[in-house]
Amino acid sequence: MNAADSAWIMTATALVLFMTLPGLALFYGGLVRARNVLSVFMHCYAIACLMSVLWFLLGYSIAFGPGTGGIWGGLDKAGLSGITIDSLSGTLPEILFFAFQMTFAIITPALIVGAYVERINFAFLLLFSGLWMLLCYAPVVHWIWGGGMLADGGIFGETGVRDFAGGIVVHETAGIAALILAIMLGARRDHSKPPHNPGMVMIGAAMLWVGWFGFNGGSQLAADGGAAMAITVTHISAATASLTWALWERIKFGKASLVGLVTGTIAGLASITPASGFVGPWAALLIGAIAGVLCQEAVTLVRNKLKVDDTLDVFAVHGVGGIFGTVMIAALGAGTWAAQLGSLAIVGIFTTVVTLVIAYACRAIVPMRVDAEAESNGLDLSSHGERAYDLTS
């Protein structure tokens, strides 16, 4: 065990949890109408709790168990079986590696929340999220990070896919699942209202930016120059994408908005995530510069051309950003085209099929969408019996 590595990953674990609670909750919460903000907080918090338990019981073993055939990790480590305080994963206590990866298993299904806010049935959300993490996310983790079929020595030969911190594992899977659920749910009955609290959106985005240092820097799994470089390129990409998003918005609409600026931040962070362990600062500048425009145009495509109400643009920002960053690894010579594009295709098809199966199965058990009256009244009151703002008190 290396004490410096362990201390850094303990810090990174806290930072990645901070991304979901409270970062993502505030970012998403500010973007919805006032009558739905508590429901968004509820979704993020409940997912964090449920994924933690499921990751302990089954998810970690499926993702990082020894497995067979490179398909899944098996159940040998279910419930942390055989893992003690002396067990090691590289230079880290394995229990720490478990906790760090748990925070990724929390935030990935939490990202999907943005696609179905303001109309999802809470029981469906919990059932779907739990099954999706175990049956979609965890197997993909094994394929790429757990030594499975897409890693080095797998189906793409000696050099497997390069995905440092989750362009495919996190952002592609969550983005595709979000798009599918948004299509199945249909549009909100009233989506003409602007974000109810842009200031809350900015605060949440700022927390995500800070937390992302743990997300990408922690993925080095060591306290060394590689972690420092991952943090540096993460910051450069986020800053550059924020500026190009705002500039493109100014060119198109005559004004640059705060919500646009901070959405550009998230686009830059998502895009650099898979490449952050393989590229330098100038490549990060390039990735961020393109991401700010590319993801903004993807938002326009999904909303206006495809007419899909992916409410908070999960696919356009996270899905497109993660896919773009994964492709850029090959374009910059840090990975092979066959492994990068092939893995994107395999995981994309797998995610689509599994998400559809889980969604239809869950919909057969519990309603997917709240009724018209509940949607009109807002999910805060109709689903949870609370209000975020009581102006009479």
Side-chain angles (χ1 to χ4, degrees), residues 12 15-16 19 23 27 161-172 175 202 204-220 224-253 256-301 313 316-337 339-341 344:
L15 285 170
V16 182
M19 291 173 69
F27 180 72
V161 67
R162 296 289 179 258
D163 183 7
F164 188 69
I168 298 175
V169 173
V170 175
H171 294 289
E172 184 192 17
M202 177 269 166
M207 290 176 174
L208 283 166
W209 191 339
V210 173
W212 226 290
F213 290 165
F215 197 88
N216 288 356
S219 292
Q220 179 72 5
D224 60 12
M229 179 61 79
I231 289 172
T232 300
V233 298
T234 296
H235 189 80
I236 291 171
S237 179
T240 308
S242 303
L243 296 173
T244 56
W245 186 297
L247 176 61
W248 193 240
E249 204 174 44
R250 175 70 171 80
I251 292 170
K252 290 172 64 179
F253 307 115
S257 68
L258 174 64
V259 170
L261 180 74
V262 303
T263 304
T265 304
I266 307 306
L269 291 166
S271 297
I272 195 62
T273 289
S276 56
F278 311 115
V279 302
W282 283 103
L285 191 78
L286 175 64
I287 289 172
I290 297 172
V293 177
L294 175 65
C295 292
Q296 188 176 159
E297 288 304 302
V299 169
T300 302
L301 174 66
D313 307 310
V317 175
H318 293 278
V320 171
I323 292 168
F324 165 64
T326 302
V327 172
M328 286 299 291
I329 292 171
L332 294 168
T336 69
W337 282 104
Q340 299 306 112
L341 296 181
L344 281 169

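Please read these numbers as outputs of a predicted model, since none were measured by experiment.
Here the CG atom belonging to Asp313 is positioned 9.0 Å from the OG1 atom belonging to Thr300, to the nearest 0.5 angstrom. Atom CG of Leu341 sits about 8.5 Å away from atom OG1 of Thr336, to the nearest 0.5 Å. Distance CD1/Ile290 to CG/Leu285: 10.0 Å, rounded to 0.5 Å. The distance from atom CG of Leu261 to atom CD1 of Ile266, rounded to the nearest 0.5 Å, is 10.5 Å. To the nearest 0.5 Å, the span separating OG1 on Thr265 from CE on Met202 amounts to 9.0 Å.
Between Trp212 and Thr273, the closest side-chain pair of non-hydrogen atoms falls below 4.5 Å. Contact of the Phe215 side chain with the Leu269 side chain is not registered, since no non-hydrogen atoms from C-beta on lie closer than 4.5 Å. Considering only heavy atoms from C-beta on, Ile287 stays 4.5 Å or farther from Val233 through its side chain. The shortest distance between side-chain heavy atoms of Val161 and Ile329 does not fall below 4.5 Å. The shortest side-chain heavy-atom distance between Leu332 and Phe278 does not fall under the 4.5 Å cut-off.
Below 30°, between 30° and 60°, or above 60°: for Trp209 and His235 the angle between ring planes is between 30° and 60°, a tilted geometry.
Closest non-hydrogen pair, Ala241 versus Gly264, comes out as CB-O, 3.2 Å. For Ala316 against Ala298, the heavy-atom pair with the smallest separation is CB-C, 3.6 Å. Taking all atoms of both residues into account, the shortest heavy-atom contact from Gly292 to Trp245 is O-CE3, 3.3 Å. A pairwise comparison of heavy atoms in Gly325 and Ala275 identifies O-CB, 4.2 Å as the closest pair. When all heavy atoms of Pro274 and Gly322 are compared, the closest pair comes out as CG-O, 3.9 Å. In plain terms, the two heavy atoms of Arg162 and Gly335 that are nearest each other are CG-CA, 4.2 Å.
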Could you check Ile272 against Met328 for side-chain contact (heavy atoms from CB on, under 4.5 Å), going step by step and ending with a plain yes or no?
CA-CA 9 Å; Ile272 195 62; Met328 286 299 291; over 6 Å; no

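Environment of CH2 in Trp337: crowded, with over 12 heavy atoms of neighbouring residues, nucleotides or ligands closer than 6.0 Å.
Between the Asn216 side chain and the Ser276 main chain, no donor and acceptor come within less than 3.5 Å of each other. Proximity of a side-chain donor or acceptor of Gln340 to a complementary backbone N or O of Thr326 within less than 3.5 Å is detected. Listed for the Thr232 side chain is a donor-acceptor partner under 3.5 Å among the backbone atoms of Ala228.
Counting only residues at least two apart or on different chains, the side chain to side chain donor-acceptor pair (under 3.5 Å) pairs with a member in residues 289-299 are Trp248-Glu297, Lys252-Glu297.
Under the rule for a side chain to side chain donor-acceptor pair (under 3.5 Å), Thr263 has no partner lying at least two apart in sequence or in another chain.
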